[in-house]
Asks: 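Once you've had a glance at the structure underneath, I'll fire off some questions.
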2 protein chains.
Amino acid sequence: MTSRADAKDATRRRLLEAAGEVIREQGAPALSLREVARRAGIVPSAVYRHLASRDELITQLVLAAYTSLAEHLETTVAASSPSWRTAADALREWTLAHVHEFQLIYGTPVPGYRAPEETITAAARVAAVFLQVGAVSGAPPDALAEQLREPAAQLGTDVTTLARTLADLSQLVGLLTLELGGHFVGTADPAQGLWDEVVARQAAERAPSR
Amino acid sequence: MTSRADAKDATRRRLLEAAGEVIREQGAPALSLREVARRAGIVPSAVYRHLASRDELITQLVLAAYTSLAEHLETTVAASSPSWRTAADALREWTLAHVHEFQLIYGTPVPGYRAPEETITAAARVAAVFLQVGAVSGAPPDALAEQLREPAAQLGTDVTTLARTLADLSQLVGLLTLELGGHFVGTADPAQGLWDEVVARQAAERAPSR
DNA sequence: CATATGAGTGAACACCGTTCTCTCAACGGA
DNA sequence: TCCGTTGAGAGAACGGTGTTCACTCATATG
């Protein structure tokens, strides 16, 4: 028995799938609500029966991108050794295969768009993978340690590992951002070699967990 | 004697200034050619007497942003000690004061926009500052060294310094990108403490040039 | 069976980038 | 000095966008 509610859910799903296609093909800024409606076989105004606005559509896609990345990291790490190198390379692999989704997450926020609460928890799932594969010793400066004490406890790690993980993850995201943005053209493009060198240095500072 | 050519140049300058204002206030994605025309006291179609398209307008703004950043770095480094820390902190200072311009350079490329040749040379000027303040010793892996040999020679530096500078700069850009994107909310936001720790570590690996 | 609900429609609004034709003031040459 | 050329700007129009609103009408429910 297909109820009306089921039909509505199906349409909503079709909308999100169509939007996902557009993003994958052309990137987020080119995403048009009317184009999505067209692909879903619906008139533009009908989209508003399922989504409050274009912003909510984008929010859903951001969440989907986070989930996709987190799952890729989790399964890759689970399938091989839980090392920093494995996680880092999985990040690069996913990014190169999902350029537009990477930029949707880590690139410039869309015009009027402001990330809602939900996306923060989704982002935490990505960070969690890296936190688990790379404990590090030593101690950050007092001010930073103070700031990170509570977050570290909440994430089940220590301030040193948290600080280093955030720092190293920033470097990985920065490398990918600059590579995708064409900033290495003329120097380290393609950036695989630079990536490998950076990841090797990051891994060397961690306990060999394999 | 104000010739017609002078008047044209003045109008073009007014257009670019208006566009700069919009970017500063609302960011690049919100930049509308019609709004720029309005602020310049001109009808939209007249803009095309001065610019080929919205893309060229954006290209001009990208170049202006690179120039602004490069000049800030150069004057700051020249005014105080030419150390890595000075350059890095100048980068952060400029970024926090010019958020939208930073994202224009390092964020997601605008929809159909593709960076032309000119921007690459403008970007090199920024990198040059960092290359000059932080020589580093050691040697990168063979493959990377091979790839960077020619670019390094062209930039008047060695492969080791180039590799490390690109890697460290990526980390700085990554930190700023994540901070501006709200990715540190709940952990290291505001990110000044994390920034200081990262820069200190980067500086420690360089020859004390002060 | 009557009624209320709500997914989908189509027209409209104000915005966008871009193209076209037109005007008309300023310029250079005769 | 006149006169033809040039080119900056105007204005209308095209097809695109996000969003709102009154409407239909099949479905689910009392």
Side-chain angles (χ1 to χ4, degrees), chain A residues 1-23 25-62 104 108-114 116, chain B residues 1-23 25-62 104 108-114 116:
Chain A
M1 54 173 192
T2 61
S3 71
R4 202 149 63 168
D6 289 345
K8 170 162 182 176
D9 285 356
T11 304
R12 186 189 160 95
R13 193 158 24 78
R14 253 189 301 137
L15 281 172
L16 294 179
E17 273 169 21
E21 278 177 30
V22 175
I23 289 243
E25 292 169 14
Q26 306 168 7
L31 184 137
S32 135
L33 188 140
R34 289 180 113 104
E35 171 67 17
V36 170
R38 238 172 272 129
R39 294 197 184 206
I42 251 178
V43 94
S45 60
V47 174
Y48 290 84
R49 297 284 171 199
H50 306 271
L51 300 164
S53 66
R54 182 171 177 273
D55 270 17
E56 194 196 323
L57 178 58
I58 291 175
T59 297
Q60 295 304 316
L61 295 171
V62 169
L104 186 59
T108 312
V110 188
Y113 180 76
R114 191 64 202 155
Chain B
M1 54 172 192
T2 59
S3 73
R4 204 151 63 169
D6 289 346
K8 171 163 181 175
D9 285 356
T11 305
R12 185 189 161 96
R13 193 158 24 78
R14 254 189 300 136
L15 281 172
L16 295 179
E17 273 170 20
E21 278 177 30
V22 175
I23 289 242
E25 292 169 13
Q26 306 167 6
L31 184 137
S32 134
L33 189 143
R34 290 180 112 105
E35 171 67 17
V36 171
R38 239 173 271 130
R39 295 196 184 207
I42 252 178
V43 94
S45 60
V47 174
Y48 290 82
R49 296 284 171 196
H50 306 272
L51 301 165
S53 66
R54 182 171 178 273
D55 270 16
E56 194 197 321
L57 179 58
I58 291 176
T59 297
Q60 294 306 315
L61 296 171
V62 169
L104 185 59
T108 312
V110 187
Y113 180 75
R114 191 63 201 156

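Numbered from 1 within each chain, the chains take letters A, B, ... in sequence-line order.
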Asks: I need a per-nucleotide contact map over nucleotides 13-23 of chain D, read 5' to 3'. Cutoff is protein heavy atoms under 4.0 Å; write B for the base, S for backbone only, - otherwise.
Replies: B---BBBBBBB
Asks: Quick one: side-chain hydrogen bond (donor to acceptor under 3.5 Å, both in side chains) pairs with a partner in residues 33-45 of chain A, sequence neighbours left out?
Replies: Glu21(A)-Arg39(A), Glu25(A)-Arg39(A), Glu35(A)-Arg38(A), Glu35(A)-Arg39(A)
Asks: With sequence neighbours left out, what residues match Arg12(B) under side chain to side chain donor-acceptor pair (under 3.5 Å)?
Replies: none
Asks: For Ser53(A), what residues pass the side chain to side chain contact (heavy atoms under 4.5 Å, CB included) criterion, not counting sequence neighbours?
Replies: Asp55(A), Glu56(A)
Asks: Which residues pass the side chain to side chain contact (heavy atoms under 4.5 Å, CB included) test with Leu33(B), not counting sequence neighbours?
Replies: Val47(B), Tyr48(B), Arg54(B)
Asks: Do you know the tightest heavy-atom contact between Val36(B) and Ala18(B)?
Replies: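 It is O-CB, 4.0 Å.
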Asks: What is the distance, to the nearest angstrom, from the CG atom on Leu51(B) to the P atom on dG9(D)?
Replies: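 Interatomic distance, CG of Leu51(B) to P of dG9(D): 12 Å.
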